[in-house]
Amino acid sequence: MAIERNILVTGGAGFIGTHTAAALLRQGFKVWIIDNLDNAAAAAVDRLRNLVGPELSQNLHFQLGDIRNGDDLEKLFSQTQFDAVIHFAGLKAVGESVANPMRYFDNNLVGSITLYKIMAKYNCKKLVFSSSATVYGQPDKIPCLEDMELKAMNPYGRTKLFLEEIARDLHVADSKWRIILLRYFNPVSAHESGMLGEDPKGIPNNLMPYITQVAVGRLPELNVYGHDYPTPDGSAIRDYIHVVDLADGHVVALEKLLKHESIGCVAYNLGTGRGTSVLEMVDAFERASGKKIPIKLCPRRPGDATAVYASTEKAFRELGWKAKYGIDEMCRDQWKWASQNPWGYESKP
Ligand code: NAD
Ligand code: UFG
């Protein structure tokens, strides 16, 4: 009989969490989600159930709760011995973090510390943590390598940097902690079924959801922030990664964590290793959707780097993981999700 493996997924109702939960369920894991629905729809969990079907849905449990609340976590940990935690729960809007840093320190730092205390109490010391390429700041050298100097450019980035340091300290103090820090580059796109996708509240900050809302007629045009960068077409370059590739990266990281006793606390980039400019992304989306995306060339967005992309060698060497999809597939699946769900998980307001 297969061994039962119970995984707690914090923030599992969100964009990356739902896709990762789907991948985990398909690999035979039992998945417990805790999410306060601050930035997610309850309908996303229903969709996840429909996607995996009635049999695998029995292995999915959802608890509405907040990781800052020890009682919410106690409820879960006192009933189930978790083999590991994948920790997505957190706030992620850079601009909002500048305007309201305390909200970010409270949610991301206090939430994570509360979680780690309860994990230690219940002797669950295996953790996959959502870090970000933001910890490279505005990198002097590209591609970004895991051992490069780390810096924070804003309060959101400071929470990721600080949580990476906390993770390293936890392991130094107690080698039973096994921790994988996954530094995502720019997660985009949607499940190939069109059933799961990104559904930002309010006006999107990020490029892909903004382009999408222009394509479905919710927004009139895309502001292209910066057309005088020292890049071939003058727009900024990022490393976009398909969320399904990212989800698979979590499954392999988790398998490694469960197998290798001496893993320590280790960071991996999850990106494609390829840079795409804003204007190239607009072109690719127009091809995939058949829609014209009107653009307005605007000044640079403060704090933005010219070009950021990952070195993916360490993840390939040590996890055997490599992204499968390129920007054409990212735009194809994003368009499938958007055309089937132009207003996200809810119907038109
Ligand atoms: P998301 O907002 O879709 O998902 C985060 C989920 O956490 C949401 O469902 C939200 O309701 C939940 N949550 C927030 N605070 C909580 C709390 N205190 N208790 C319980 N639930 C809480 O974001 P995402 O894009 O899926 O990102 C997941 C993680 O990956 C975040 O930690 C984010 O910082 C990190 N990350 C995201 C990106 C990106 O561009 N999407 C890039 C790098 C890193
Ligand atoms: N952009 C536009 N118009 C828009 C939105 C974005 O031109 O409406 C441009 C940006 O100026 C940037 C590129 O598209 O050049 C990508 O911007 P995103 O906001 O999609 O992504 P960022 O690279 O700025 O930020 C992302 C995550 C952050 C994380 C950072 C570094 O959103 O959380 O990567 O990892 F901190």
Side-chain angles (χ1 to χ4, degrees), residues 9-20 33-42 44-45 63-69 72-73 86-95 97 103-104 106-108 110-112 114-115 129-139 144 152-154 156-157 159-160 163 182-188 198-201 203-211 213-214 219 221-227 229 231 235-241 243 246-247 250 270-271 276-279 281-282 295-308 310:
V9 180
T10 74
F15 171 44
I16 306 170
T18 42
H19 289 83
T20 302
I33 289 176
I34 178 167
D35 199 302
N36 64 1
L37 302 184
D38 181 272
N39 195 38
V45 180
Q63 186 185 303
L64 181 64
D66 195 302
I67 57 161
R68 287 167 295 179
N69 182 342
D72 287 350
L73 292 168
I86 303 185
H87 177 27
F88 293 108
L91 302 175
K92 60 169 184 176
V94 172
S97 81
R103 179 165 145 78
Y104 276 66
D106 179 49
N107 199 84
N108 294 7
V110 175
S112 302
T114 309
L115 172 69
F129 173 66
S130 295
S131 188
S132 163
T134 193
V135 298
Y136 296 114
Q138 289 195 351
C144 299
M153 307 292 290
N154 49 61
Y156 165 72
T159 67
K160 290 295 175 194
L163 286 165
L182 295 178
R183 296 181 183 152
Y184 316 150
F185 279 66
N186 289 58
V188 296
E198 190 172 9
D199 182 15
K201 291 189 176 164
I203 296 188
N205 300 305
N206 300 117
L207 180 65
M208 183 65 114
Y210 205 108
I211 293 180
Q213 292 200 8
V214 174
L219 291 168
E221 63 188 359
L222 171 74
N223 295 322
V224 173
Y225 296 128
H227 49 98
Y229 282 106
T231 59
S235 65
I237 290 177
R238 294 291 182 274
D239 185 343
Y240 298 94
I241 172 163
V243 64
L246 203 60
H250 287 76
L270 294 185
T276 302
S277 74
V278 173
L279 294 175
M281 190 55 111
V282 171
I295 60 168
K296 185 162 130 202
L297 298 178
C298 300
R300 296 179 183 190
R301 197 169 63 174
D304 272 359
T306 302
V308 183

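As the structure lists them, so they are numbered: ligands from 1, and atoms in each ligand from 1. By convention here, the first residue in the shown sequence is residue 1.
- Looking at residues two or more places apart in sequence or on another chain, you find a salt bridge (charged side-chain N to carboxylate O under 4.0 Å, His left out) between Arg301 and Asp304.
- Within 4.0 Å of ligand 2, heavy atoms belong to protein residues Lys92, Ser132, Ala133, Thr134, Tyr156, Asn186, Asn205, Asn206, Leu207, Tyr210, Leu222, Asn223, Val224, Tyr225, Ala236, Arg238, Tyr240, Val278, Arg301, Asp304.
- A side chain to side chain donor-acceptor pair (under 3.5 Å) with Thr159 is found for one member of Asn154, Asn107, Asn108, Thr134 and no other, namely Asn108.
- Rounding to the nearest 0.5 Å places NZ of Lys201 at 6.5 Å from CG of Asp38.
- Between Tyr156 and Tyr104, the ring planes lie perpendicular to each other; the angle is over 60°, past the 30° to 60° tilted range.
- Val278 pairs in a side-chain contact (heavy atoms from CB on, under 4.5 Å) with only one of the listed residues (Asn223, Val224, Ile295, Ile211), which is Val224.
- Separation of atoms OG (Ser132) and CG (Asn186) is listed at 8.0 Å; rounding is to 0.5 Å.
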Ser97 vs Leu91, side-chain contact (heavy atoms from CB on, under 4.5 Å): CA-CA, chis, key distance, verdict: CA-CA 8 Å; Ser97 81; Leu91 302 175; over 6 Å; no

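- His250 meets the ring-ring contact (aromatic ring centres under 6.0 Å, His included) test with Phe88, Tyr184; sequence neighbours excluded.
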Please tabulate, line by line, the atom pairs linking an N/O of ligand 1 to a protein N/O at a distance below 3.5 Å, with the distance in Å to 0.1, or answer 'none'.
residue  : atom   : partner : partner atom : Å
ligand 1 : 2 (O)  : Asn39   : ND2          : 2.7
ligand 1 : 3 (O)  : Phe15   : N            : 2.8
ligand 1 : 9 (O)  : Gly14   : N            : 3.3
ligand 1 : 9 (O)  : Asp35   : OD1          : 3.3
ligand 1 : 9 (O)  : Asp35   : OD2          : 2.6
ligand 1 : 11 (O) : Asp35   : OD1          : 2.7
ligand 1 : 11 (O) : Asn36   : OD1          : 3.4
ligand 1 : 11 (O) : Asp38   : N            : 3.1
ligand 1 : 11 (O) : Asn39   : N            : 2.9
ligand 1 : 13 (N) : Asn36   : OD1          : 3.4
ligand 1 : 15 (N) : Asn107  : ND2          : 3.0
ligand 1 : 18 (N) : Asp66   : OD1          : 3.0
ligand 1 : 18 (N) : Asn107  : OD1          : 3.1
ligand 1 : 19 (N) : Ile67   : N            : 3.0
ligand 1 : 21 (N) : Asn36   : N            : 3.1
ligand 1 : 21 (N) : Asn36   : OD1          : 3.3
ligand 1 : 23 (O) : Lys92   : NZ           : 3.4
ligand 1 : 25 (O) : Lys92   : NZ           : 2.8
ligand 1 : 26 (O) : Phe15   : N            : 3.3
ligand 1 : 26 (O) : Ile16   : N            : 2.8
ligand 1 : 32 (O) : Phe88   : O            : 2.8
ligand 1 : 32 (O) : Lys160  : NZ           : 2.9
ligand 1 : 34 (O) : Tyr156  : OH           : 2.9
ligand 1 : 34 (O) : Lys160  : NZ           : 3.1

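- In this structure, His19 and Leu246 have side chains that are not in contact, with every pair of non-hydrogen atoms separated by 4.5 Å or more.
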